[in-house]
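Just so it is clear: chains get the letters A, B, ... in the order the sequence lines come, proteins before strands, and each one is counted from 1.
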Amino acid sequence: MISFEKSKAVDQMETVVQTVAENMMRPVTRHLDENEGEIPWDYISFMHTALKQMGAASLVPEPEGNGASEKGEKKEKRASQSYQLMAHSIEWLSWGDAGMYLCTPRGGLGSAAVEASGTPEQKKKFLARLNGDKPVLTAMAITEAQAGSDNSAIQCRAVLDEKTKEWVLNGEKIFITAGLKAFEDTDGFIVVWATLDPEAGRAGIRSFVVEAGTPGAIITKKEHKLGIRVSDTVTLTLEDCRVPYENMLGSPEIEKSTKGFKGAMQTFNVTRPLVAASGLGVARAALEELKSMLEERGVEIRYGLPRQKLTNIEREIIDMERMLRSSWLLTIKAVWMSDNKKPNAKEAAMSKLHAGDVVTKITQRAVEIMGPLGFSREFLLEKWFRDAKINDIYEGTGQINRLIAARQILGYSGKELR
Amino acid sequence: MYGFEPNEEQQMLIDVVRRYAEKDMRDAHRDAEEEGEVPKALIEKGWELGILQASVPADYGGFGERSAVTSVLAAEELAFGDLAIALAVMAPGLFALPILLVGSEEQKKNYLPGIVEGEWQPCTAALIEYEFDFDANELSTTAKEEGDEYVLSGEKRYVPYAADAEAMIIYANLDGVTQGFIVEKSTDGLTVGERDMTLGVHALPLYGLHLDNVRVPKANRLGGAEGHDFIHILNSMRVANAALSVGLARASYEYANEYAKDREVLGSMIAQKQSIAFMIAENGTEIEANRLLTWEAAWQLDEGIEEVDKSAYLAEVGAADMVMQVTDSGVQILGGHGYIREHPVELWMRNGRSMAMLTGLAMV
């Protein structure tokens, strides 16, 4: 069936999240941007309590069929809406403040990785802490100085100490989103990607849960960024960092295959549309503000006219609205596919590359159209312009996502289209 | 709940229309373009797919109910085959659908069975006027009330099959609003002019129309004495235009993709080069994005959601941009070969440019 009707669940969720975005995020958004390093504890604590009451284990729903819990089998009968709900919430939270959204507790990429590739025992062990009295964040450490989009080139080593049955991790991980909040500010964990054998490429790569306070793991750098400043981005240095054997995600039996790596890459099919949703929240914020600023200044936007009769500003706004809406529909379709367990590597990449373009263009044009007002820190347009850009970079740059989409369209392997 | 998959019935329709598009239309489209005519048998075969007939309820001779979503799915497939032939097959809808949507009970009973029960016939509509800033909501052709009649005067262009049409709907400006009037063949004052010479859709016969005090009975005003709200017709035209753009873009896109995978330059296929692969990724994304915009607008049409006035407009202008970009890429990817009429991409590029000005030549 083809339908664009929001479900009741989505409607209700949006009402709640809108309230949070309007009342808890917007009033502090400028202050937090100007005071890098300040932690929005009010928001974090509120979201922790609220999500706990809703019974949501984390913002990331459990992918069914993976690890085959009894719960998963029951859910099988009715198509889930989890990712659709998440996309709508993330869009609204990012409309409030994209950096603050990244500080949302009980979730983050770390728990997503555990959900996606952990065994039932690992899920139980590591996700339990999300449900405690105090808020907890988690993070994921993939990128290294020499391994960004090419994450099969990572050099961080994991060696098994046969005597103690511990994994010994060595290396340096950069650009970890919310790493500080996961590792020092709360009692969370960081999922670290490391290789068992640098010669083995993808086949050697595994992910390991490094819990807050583990000796040998130290946050060594805090980045200062263009935007999303309230969300910390850090470097994690691992020096003979020992983690228990069972902290390696997934089953140890699959060693010497690329299944582990592929599993990890598949989580991108889930997370890319969610990043798109976040970007589109920023884009909507900027477009709404731009339209209201223009309206206050007596500029009317006339819809339905032939283009030859429109002013340049009208053409721009109409174009932005069209881009934003079509990008949102790409995103909703991609998460709908996740919910309905349809393979969506192509759609996920498309939603992400499109949203990355759209949020970048809309925020850039919004600043330009408002001229000196757009450039001023008195308004939020310049902030959204800065916040926007990350959406065309993280979770795969626009270019990597073009490569992935093109491979899917043309039926090429990674080797055939580099 | 959201849904992004055609239902079983819609899928069956897509499949039969696609077979017609891939086989019958593609076999004939180049000759049709060069000769400036769509063979009658080909139109008849397309008509027999029953797309319009399925939009009209049994009370008026059809066998279904109008669904803009279903029609949009069919329109995309038709345009994937060929735009001119698609417009030819869909032409009777230009006359029947406005009557179905906003016509009076009497008009529906009088006209609809005659169209949907028989063979394809050249019924049509006249909307477009020859001005650079043509605006369907501010027509130069006027309608004046005189006694029991309306008197129409003005000039129309790009009227499909005007020379052969038994009846047509003529849109005119009545006290500042656009209204449609049912006008029968050989009404006094109605003259069909020269065939229009255009950049694209050469196979589709388009004509100019001269209206010199054309008198039509009041009962022929679309919707009866009270008339109608033209926006419902315009929305349907916009959504149809967007769907055709998506289908046309897909034709060029798929053709160029296959070519790129088969064309070797400097040691690899051109599809394996990022400059081409990125173009393909972007075009594929834009086609899908605009398809979803079109579907959403069509769904809003079916659900009677007011937002459609804006959505249909955004879908129309968005798809017009998209189809130009994608069909241009099609020629660019084929390079010099794309410029030669042996390949269809140049035809699709010319038709691609037409979408921005041909709203009013199809409805869903």
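Atom CG of A:Leu353 is separated from atom CD of B:Glu282 by 7.5 Å, given to the nearest 0.5 angstrom.
At least one donor-acceptor pair closer than 3.5 Å links the side chain of B:Arg238 to the backbone N or O of A:Gly304. Between the side chain of B:Tyr2 and the backbone N or O of A:Ser7, no donor-acceptor pair lies under 3.5 Å.
Heavy atoms closer than 4.5 Å to chain A are found in both the backbone and the side chain of B:Val317. For A:Ile404, no part lies near chain B; criterion is any non-hydrogen pair under 4.5 Å. With a 4.5 angstrom heavy-atom cutoff, B:Phe134 touches chain A only via backbone atoms. Looking at B:Asp302, neither its backbone nor its side chain comes within 4.5 Å of chain A, counting heavy atoms on both sides. Of the atoms belonging to B:Trp299, it is side-chain heavy atoms, and not backbone ones, that fall under 4.5 Å from chain A. With a 4.5 Å cut-off on non-hydrogen atoms, B:Lys310 touches chain A through its side chain but not through its backbone. Contacts between B:Ile276 and chain A at a heavy-atom distance below 4.5 Å are absent for every atom of the residue. Within the 4.5 angstrom heavy-atom criterion, no atom of B:Glu316 approaches chain A. Heavy-atom distances place no part of B:Met357 under 4.5 Å from chain A, backbone and side chain included. In this structure, chain B has a heavy atom under 4.5 Å from the side chain of A:Ile409, while its backbone stays farther away.
Taking the side chain as every heavy atom from C-beta outward, A:Asp319 and B:Asp321 approach each other to under 4.5 Å. Contact of the A:Leu403 side chain with the B:Phe278 side chain is registered, since non-hydrogen atoms from C-beta on lie closer than 4.5 Å. Using a 4.5 Å heavy-atom threshold, the side chains of B:Gln274 and A:Arg402 count as separate. Contact of the B:Arg291 side chain with the A:Leu330 side chain is not registered, since no non-hydrogen atoms from C-beta on lie closer than 4.5 Å. Counting heavy atoms from C-beta on, the side chains of A:Glu416 and B:Gln272 come closer than 4.5 Å. Here the side chains of A:Leu329 and B:Trp295 are not in contact, with every heavy-atom distance at 4.5 Å or above. When side chains are defined from C-beta on, B:Leu73 counts as touching A:Ile2, because their heavy atoms get closer than 4.5 Å.
Between chain A and the options B:Gly3, B:Ala312, B:Ala136, the largest number of non-hydrogen pairs under 4.5 Å is found for B:Gly3. With chain A as partner, the option from B:Thr359, B:Asn7, B:Leu293 having the largest number of non-hydrogen pairs under 4.5 angstrom is B:Leu293. When B:Ile305, B:Ile280, B:Leu234 are compared by the number of non-hydrogen pairs under 4.5 Å with chain A, B:Ile280 comes out ahead. The candidate from A:Met323, A:Lys8, A:Gln84 with the greatest count of non-hydrogen atom pairs under 4.5 Å with chain B is A:Gln84. Note: B:Lys261 leads B:Lys261, B:Gln11, B:Glu138 in heavy-atom pairs under 4.5 Å with chain A. Interface summary for chain B: among A:His354, A:Gln308, A:Lys309, the most heavy-atom pairs under 4.5 angstrom belong to A:Lys309. Heavy-atom pairs under 4.5 Å with chain B peak, among A:Lys346, A:Glu5, A:Glu347, A:Arg418, at A:Glu5. Among A:Gln399, A:Lys333, A:Glu321, the residue with the largest count of heavy-atom pairs under 4.5 Å with chain B is A:Lys333. Contact count versus chain B (heavy atoms, under 4.5 Å) is highest, among A:Ser351, A:Ser3, A:Ser326, A:Ala349, for A:Ser3.
Other residues, nucleotides and ligands contribute only 12 or fewer heavy atoms inside 6.0 Å of the OH atom of B:Tyr130. Atom CD of B:Gln332 has 12 or fewer heavy atoms from other residues, nucleotides or ligands within 6.0 Å. Summarising the local packing, CE of B:Met12 is surrounded by 12 or fewer heavy atoms from other residues, nucleotides or ligands at distances under 6.0 Å. Residue A:Glu295 places its CD atom among 12 or fewer non-hydrogen atoms of other residues, nucleotides or ligands, all under 6.0 Å distant. Atom CD of A:Glu296 has more than 12 neighbouring heavy atoms from other residues, nucleotides or ligands inside a 6.0 Å radius. Within 6.0 Å of the CD atom in A:Glu288, the count of heavy atoms belonging to other residues, nucleotides or ligands exceeds 12.
Using a 30° and 60° split on the angle between ring planes, B:Phe4 and A:Phe4 fall in the perpendicular class, above 60°.
Minimum heavy-atom separation, A:Ala406 to B:Ala277: CB-O, 3.5 Å. Considering every non-hydrogen atom in both B:Asn290 and A:Arg322, the closest pair reads OD1-CD, 4.3 Å. Here the closest heavy-atom approach between residue B:Ala271 and residue A:Tyr412 is recorded as CB-OH, 3.6 Å. Contact record, B:Ala281 with A:Ala405: CB-CB, 4.1 Å, taken as the closest heavy-atom pair.
Ionic pairing of B:Glu5 and A:Lys342 is present here: one or more N-O contacts between side-chain nitrogen and carboxylate oxygen are shorter than 4.0 angstrom. Between A:Arg307 and B:Asp133, none of the side-chain N atoms (NZ, or NE/NH1/NH2) sits under 4.0 Å from a carboxylate O, so this pair counts as no salt bridge.
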